[in-house]
Amino acid sequence: MHGRALRLVLFGALAAVVFSIYAPVAGGKPFGDDWVYVMDQPARHIGRALFELHPYHFYRPIPLAVTSGLQLAGHGSPVPIHVCNFLVHALLAVVVAGLAVRLGISNGGA
């Protein structure tokens, strides 16, 4: 295989790995450390996130406000939090790969 075909195969393999990793959270049930993000009254934390600690004693106002809003939007389901987490990581991977190519660190592997 050469060039484009090899890239398509590698992209397909990477996509298969990523989807297999995220498969356990696709059902919409809490998974792993989701208990950290589940709040009994998420609406209460959205506006007050700058002035309170995370329920487990961390001061992280932006993640607290975002996860509270996502939990509220998902009616208690962690799926919106998982989707947001996946999209943020995917976006950062694209940014890092783009920087690597731009800086000449990688000329095709990224």
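Note that the numbering runs from 1 along the sequence shown for the chain. Remember, it's a predicted structure, so these values are computed and weren't measured experimentally.
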- prompt: If you look at every heavy atom in Leu70 and Cys84, which pair is closest and at what distance?
  reply: CD1-CB, 3.5 Å
field: ILVMFWY cluster, Leu99 and Val96 together (side-chain gap under 4.5 Å)
entry: no
field: Hydrophobic cluster identity match, Val79 and Leu87, side-chain contacts under 4.5 Å
entry: yes
- line: For Pro80 and Gly74, the nearest pair of non-hydrogen atoms, with its separation, is CG-CA, 3.6 Å
- request: Treat each ILVMFWY residue as a node, draw an edge where side-chain heavy atoms are under 4.5 Å apart, and state whether Phe86 and Leu14 are in one component.
  value: yes
Hydrophobic cluster of Phe11, others only, ordered by chain and residue number, side-chain cut-off 4.5 Å: none
